[in-house]
A.B. asks: 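Let me begin by handing over the structure; questions about it come next.
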Amino acid sequence: MLDRLNAVAPDPILGIIAAHAADPSPQKIDLGIGVYRDETGNTPILASVRKAERILLDTQTSKSYLGPRGVPGFNSAMQDLIFGGSSEPSQQGRVRTVQTPGGTGALRIGADLVKAAMPGAKIWASDPTWANHYAIFPAAGLTLERYPYFDSELSSLRFEEMMTALSERGPGDVVLFHACCHNPCGVSPDSGQWDAVADLAADRGFLPMVDLAYQGFERSIDEDALAVRLFAEKCPEVIVASSCSKNFAVYRERVGALSVVCAEGKKAADVETVIHSLTRKNYSMPPAHGTALVDIILHSAELTELWLREVNGMRDRINGLRQALAERIAAAGIERDFSFLQRQSGMFSFLGLSVEQVRRLREEFSIYTVDSARVNIASFNDRNIDYFIESLQAVL
Ligand code: LMR
């Protein structure tokens, strides 16, 4: 039977990792996958996470199954982090948060939940969106459509067009948003625009689903959750897929959470049982290690303070790199305007290069980006930035 299967091309983002690893050039740069890197090019283990690991080693008494809910303390701490400690929907018992294997696990279980609730529901995603969104939702049997989002000419948000398109959505539609640090384009609505989007969702009755993968990487933990909090305040139902991969730098530990807001507490309890049945059918029980670390950090005032400092440090480094890149590209005499790099936020921006130029960067200069010319800003450092700018100049 398996003889009927043919090889599948690697996911474009994951393919870059392999191609970069195989390149012997000492000057090679991997601008592909979205992992934070420090000045040495390493993706560090946060000090808060190391401390939590020591505590875990000393205190963990069993590796027995966690049960479908995962670590209950993690779920409630994540809910506070996402919705705010005293959010009204949480206090009303209308929010349920369930640990998932990474943000991707949350997206998939969220998609399964939508499919279970309304098999014909459509999901609307920004154009463009994270490459894996195009795969996850159809894999769950949902149709994925797009709404206008990024203006590649102006490197900015097509806000009016987005609002016009979303005003045609209604009950039976799920609209997917990136809460902050839009992946791949780095452009987010401002607070007034989010307010208008949340009003529109409430007015039109579509269900907002929020991908919160970079909380703390754009402005702050609280400000980056603004979209979620506005939707939760104004709309009866919201789905949130959140990730700890980036802000706790626990990528490989697969830590995420699916949160649902329902119109009333009784329904939220019912929906949670549906989530448990979906996870049981899918991966049975969630993983424990990374979640336990986040749980320890968020229940220790000292470790939370340390962790917040580390999140701020990662964000400041990325913002500093954005500014340095924009300034040094201009100083190098490159005519094309790259000042948008400074106005955008988070790990990613599009460089606005053709596939041919991307290929030249890869083949002639060992600089790896996905074909869309999305770059991971955190991959730059003092040692590679000049080489990158020279190479960019050569292909422009
Ligand atoms: C990315 O977009 O590079 C990250 O979200 C990592 C991934 O899994 O694709």
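Order of appearance sets the numbers: ligands from 1, and atoms from 1 within every ligand. Here the structure is a predicted model, which is why all the values come from computation and not from measurement.
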A.B. asks: Is it the case that atom CZ in R252 sees more than 12 heavy atoms from other parts of the structure closer than 6.0 Å?
C.D. replies: no
A.B. asks: Between K267 and D270, is there a side-chain N and carboxylate O pair less than 4.0 Å apart?
C.D. replies: yes
A.B. asks: Quick check on contacts: which atoms of ligand 1 are under 4.0 angstrom from a heavy atom of W130?
C.D. replies: 1 (C), 2 (O), 5 (O), 7 (C), 8 (O), 9 (O)
A.B. asks: Report, in ascending order of atom number, the atoms of ligand 1 lying under 4.0 Å from any heavy atom of R374.
C.D. replies: 1 (C), 2 (O), 3 (O)
A.B. asks: Just one of W130, Y214, Y149 clears the ring-ring contact (aromatic ring centres under 6.0 Å, His included) bar with H182, so which one?
C.D. replies: Y149
A.B. asks: Provide the number and element of each atom of ligand 1 under 4.0 Å from a heavy atom of N183.
C.D. replies: 1 (C), 2 (O), 5 (O)
A.B. asks: Can a donor-acceptor pair be found, under 3.5 Å and without considering hydrogens, that links the side chain of Y283 to the backbone of G105?
C.D. replies: no
A.B. asks: If we set the cut-off at 4.0 Å for heavy atoms, which region of M347 has an atom near ligand 1: side chain, backbone, both, or neither?
C.D. replies: neither
A.B. asks: Quick test: of every protein heavy atom, which one is nearest to atom 5 (O) of ligand 1, and how far off is it to 0.1 Å?
C.D. replies: K246 NZ, 3.3 Å
A.B. asks: What protein heavy atom sits nearest atom 3 (O) of ligand 1, and how far away is it?
C.D. replies: G34 N, 2.7 Å
A.B. asks: Need the ligand 1 atom indices (1-based, order shown) with element for anything under 4.0 Å from a heavy-atom of Y214.
C.D. replies: 5 (O)
A.B. asks: Tell me whether I33 has any N or O atom under 3.5 angstrom from an N or O of ligand 1.
C.D. replies: no
A.B. asks: Using the side chain to side chain donor-acceptor pair (under 3.5 Å) rule, pick out the option among Q357, E356, E363, E364 that qualifies with R360.
C.D. replies: E364
A.B. asks: Ring pair (Phe, Tyr, Trp, His ring centres under 6.0 Å), that's the test. Do F150 and F350 meet it? Break it down for me.
C.D. replies: CA-CA 10 Å; F150 182 64; F350 282 128; 5.5 Å; yes
